Amino acid sequence: MVRRPAPRPRILVPRAPGHRRARGVASGRAVRITAHETALTQRHLWRSAREAIPMTRTVIVEAEQDGVSGYGEASCFMTDHYNSDLDRMHADLRRTAPLLATLDLDDPGGPAALWHRLAAALHDSPFVLAALDSALHDLRARLLGVPLWKALGLDRPQGLRSSYSIGLATPEEMLGKLRERPGWHAYKVKLADPGDLGILRELRRETDAPFLIDGNCGWEPARLVPALPQLHDLGVRLIEQPYPRAAWDDARALKEISPIPVIADESITSPSDLDACAVAFHGINVKPMKSGGLTPALALLRAARERGLITMLGCMPESAAGVSATAHLGGLVDHLDVDVVDLLAVDTGHGITLDATGRVGLPDRPGSGYLPDSAAHGWYVHQVPADRVRSVRREAGSPAPSVASPADPQDEHPGTRHLAALLRGRTVGAASLYEQEPPTGYTVPGTRRWRRLHGPATLDEVRGTGAGGALLRTALTLAALDGADTVWAHVPDAALGFYRHHGFDASGRGLDLPDTGRHHFVHRSTR
């Protein structure tokens with residue numbers, strides 16, 4: 001079978017219905033957006049028919065108003081298809097910063113109107129759109145003091161249970177994964193070849209629970225079709241995305257003959273795909289991150305239910321920051337797949353819980369119920385108080401060493417942002433952004449608002465790992481989100497190549513600073 005490259009996602013923008021002003025959410029107050037980075041690992045190396053994922057990087061978006069924060073998450077996953085590599089997602093946040101500065105939670109059109117505006121600017125960046133949409137929904141619910149499901153106009157979810165995913169591995173490893181989590185009501189099994197039934201027979205000896213099997217676009221009809229009767233006899237009750245997205249004819253043919261319902265995953269990326277999927281599949285797997293947020297995910301689930309389609313609600317590789325919001329839609333679906341918080345070896349905080357049988361507990365807190373934990377080992381670049389960065393300034397030079405004093409009067413300024421690079425919860429790098437113009441004589445045409453990058457530093461143990469670049473990338477994004485046009489710094493000779501590599505330009509003549517040697521004025525646009 002010839003596999004054509006998957007088209008880039010196209011997000012269908014729904015109409016924004018009229019909305020009565022929500023009591024408790026005041027109009028006209030600024031929403032401040034912050035971006036953080038995570039590095040998530042799982043208890044076992046995650047494999048599917050398509051790839052192996054040793055570690056997932058994500059961007060967590062925080063939307064804050066009046067001291068209350070809501071959260072959304074965007075994974076660095078299937079980056080070519082979803083335009084979701086870290087540099088691209090940060091660039092999209094910076095590009096849309098002027099729009100984000102105008103968002104009003106009390107817009108007369110409600111959350112759907114905000115999504116409409118964001119989708120027009122982020123039509124080919126579904127993960128960033130999803131993170132922003134989820135963060136704004138979460139923030140609105142928290143300001144109202146109600147759980148997210150209630151703010152979305154849904155009934156309270158009851159009796160939620162998640163399937164447990166068993167990633168592709170050796171038969172012994174897959175058996176071990178099931179034995180680690182016995183008693184779940186369903187198991188979602190990744191298979192490289194649907195005709196190789198040996199692993200399913202081994203798993204069946206361990207449990208009576210139904211199997212949901214997932215091909216992740218990697219199977220061929222010649223292998224799947226002859227195996228269908230045996231798969232059914234082995235207790236397979238759902239098949240997910242067996243063929244590539246482009247194989248619509250094969251999917252339609254399978255639907256006609258399969259004794260097991262077949263649902264779409266990669267084939268359903270937005271509401272615009274629903275018509276084709278309704279013809280080619282028995283149902284759909286809706287993932288809010290993939291579809292562009294909670295707003296279109298709700299629209300998809302409601303439309304699918306009206307058509308009598310089977311519905312599943314799933315997640316991408318993400319932390320509790322993202323999946324906790326997803327679970328609030330669980331009352332709308334036939335199958336729930338939110339076990340990612342159990343699969344993770346590290347997380348970013350506390351949100352939904354899963355018991356020993358996969359029962360889902362929603363936190364008894366407003367919004368999604370997610371609470372970030374600054375000590376959680378999933379954080380990679382995180383905004384922190386001033387004292388967290390001073391210790392690194394004292395201990396180390398910069399990633400491209402720019403020696404800075406341990407303390408600075410600007411550290412406590414209300415507009416200052418401090419960032420830490422973290423390794424297993426420990427601060428190993430730092431940088432600060434000051435609301436400070438450059439010294440007299442240094443100008444960049446067209447700049448109206450500046451931010452100074454001060455004291456970037458990393459410990460020796462993480463030099464060369466990308467931690468310094470992650471600090472710069474996140475600092476540029478935060479500067480843009482705060483309305484700055486240009487970020488500047490004074491950097492030593494030894495650091496100049498590092499900053500140029502990350503898009504900074506040097507201007508003017510070098511400057512000899514007492515005790516620290518020759519420095520250069522460098523700057524970069526935040527756009």
Side-chain angles (χ1 to χ4, degrees), residues 1-12 46-53 56 75-85 124-127 165-169 188-197 199-200 211-228 231 236 238-287 289-292 300 304 309-317 335 337:
M1 180 180 295
V2 178
R3 297 178 180 172
R4 299 180 177 86
R8 289 186 174 181
R10 183 174 67 89
I11 298 171
L12 186 65
W46 182 251
R47 293 182 184 273
S48 69
R50 181 179 53 227
E51 61 199 327
I53 306 175
T56 301
S75 297
C76 186
F77 176 69
M78 293 182 64
T79 55
D80 291 340
H81 183 66
Y82 292 112
N83 299 322
S84 57
D85 65 89
D124 59 351
S125 188
F127 289 8
S165 299
I166 299 176
L168 190 63
K188 187 174 180 180
V189 184
K190 303 284 185 178
L191 292 179
D193 182 351
D196 183 3
L197 304 176
I199 182 57
L200 287 181
F211 292 146
L212 323 176
I213 60 173
D214 189 356
N216 284 119
C217 302
W219 299 345
E220 296 185 359
R223 295 294 294 167
L224 174 57
V225 171
L228 286 172
L231 290 171
V236 173
L238 203 68
I239 298 173
E240 183 177 342
Q241 195 70 43
Y243 305 145
R245 174 184 164 90
W248 292 102
D249 289 343
D250 290 336
R252 286 189 288 268
L254 178 62
K255 180 182 178 181
E256 293 298 317
I257 63 170
S258 178
I260 306 167
V262 185
I263 66 170
D265 182 358
E266 287 83 357
S267 291
I268 182 78
T269 57
S270 78
S272 62
D273 296 319
L274 186 58
D275 287 343
C277 285
V279 174
F281 296 90
H282 298 97
I284 60 173
N285 183 358
V286 175
K287 299 176 179 177
M289 191 183 299
K290 177 180 65 175
S291 60
L300 265 174
L309 296 175
I310 296 168
T311 52
M312 175 183 283
L313 185 62
C315 53
M316 297 296 201
H335 302 277
D337 181 30

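Not measured: the values here are computed from a predicted model.
- Atoms CG and CG, from L309 and L274 in turn, are 6.5 Å apart once rounded to the nearest 0.5 Å.
- With contacts defined as side-chain heavy-atom distances shorter than 4.5 Å, the pair D273/L300 does not qualify.
- Nearest approach of V286 to I284, heavy atoms of both residues: CG2-CD1, 3.6 Å.
- When all heavy atoms of P194 and A227 are compared, the closest pair comes out as O-CB, 3.7 Å.
- Going from atom NE2 of H282 over to atom CD1 of I260 covers 10.5 Å, rounded to the nearest 0.5 Å.
- Of all non-hydrogen atoms in T311 and A304, the two that sit nearest each other are CG2-CB, 3.8 Å.
- You'll find the side chain of V262 reaches within 4.5 Å of the side chain of F281, heavy atoms only.
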I would like to know whether L238 and K188 meet side chain to side chain contact (heavy atoms under 4.5 Å, CB included); could you show each step before the answer?
CA-CA 9 Å; L238 203 68; K188 187 174 180 180; over 6 Å; no
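- The two residues M316 and F127 have their closest heavy-atom pair at CE-CZ, 3.7 Å.
- In this structure, CG in N83 is found 11.5 Å from CE in M78, a value given to the nearest 0.5 Å.
- A distance of 6.0 Å separates CG in L228 from CG in L254, rounded to the nearest 0.5 Å.
- Judged purely by atom type and a 3.5 angstrom limit, N216 has no side-chain atom pairing as donor or acceptor with the backbone of G218.
- In this structure the side chain of L191 reaches within 4.5 angstrom of the side chain of W219, judged on heavy atoms.
- Residues passing the side-chain contact (heavy atoms from CB on, under 4.5 Å) test with D249 are R252, sequence neighbours excluded.
- Two residues are said to be in side-chain contact when any heavy atoms from C-beta on lie closer than 4.5 Å; M312 and L212 meet this criterion.
- You'll find the side chain of S267 reaches within 4.5 Å of the side chain of W248, heavy atoms only.
- Across all non-hydrogen atoms, the minimal contact from L224 to P242 is CD2-CB, 3.7 Å.
- Considering NZ of K255 and SG of C277, their distance stands at 10.0 Å, rounded to 0.5 Å.
- Put simply, the side chain of E266 never gets that close to the backbone of R245: no donor and acceptor are under 3.5 Å apart.
- The shortest heavy-atom contact between T269 and H81 is CG2-NE2, 4.1 Å.
- Every residue two or more places apart in sequence or in another chain that forms a salt bridge (Lys or Arg N to Asp or Glu O under 4.0 Å) with D265 is listed here: K287, K290.
- Atom-to-atom distance recorded for N285:CG and D337:CG is 6.5 Å, nearest 0.5 angstrom.
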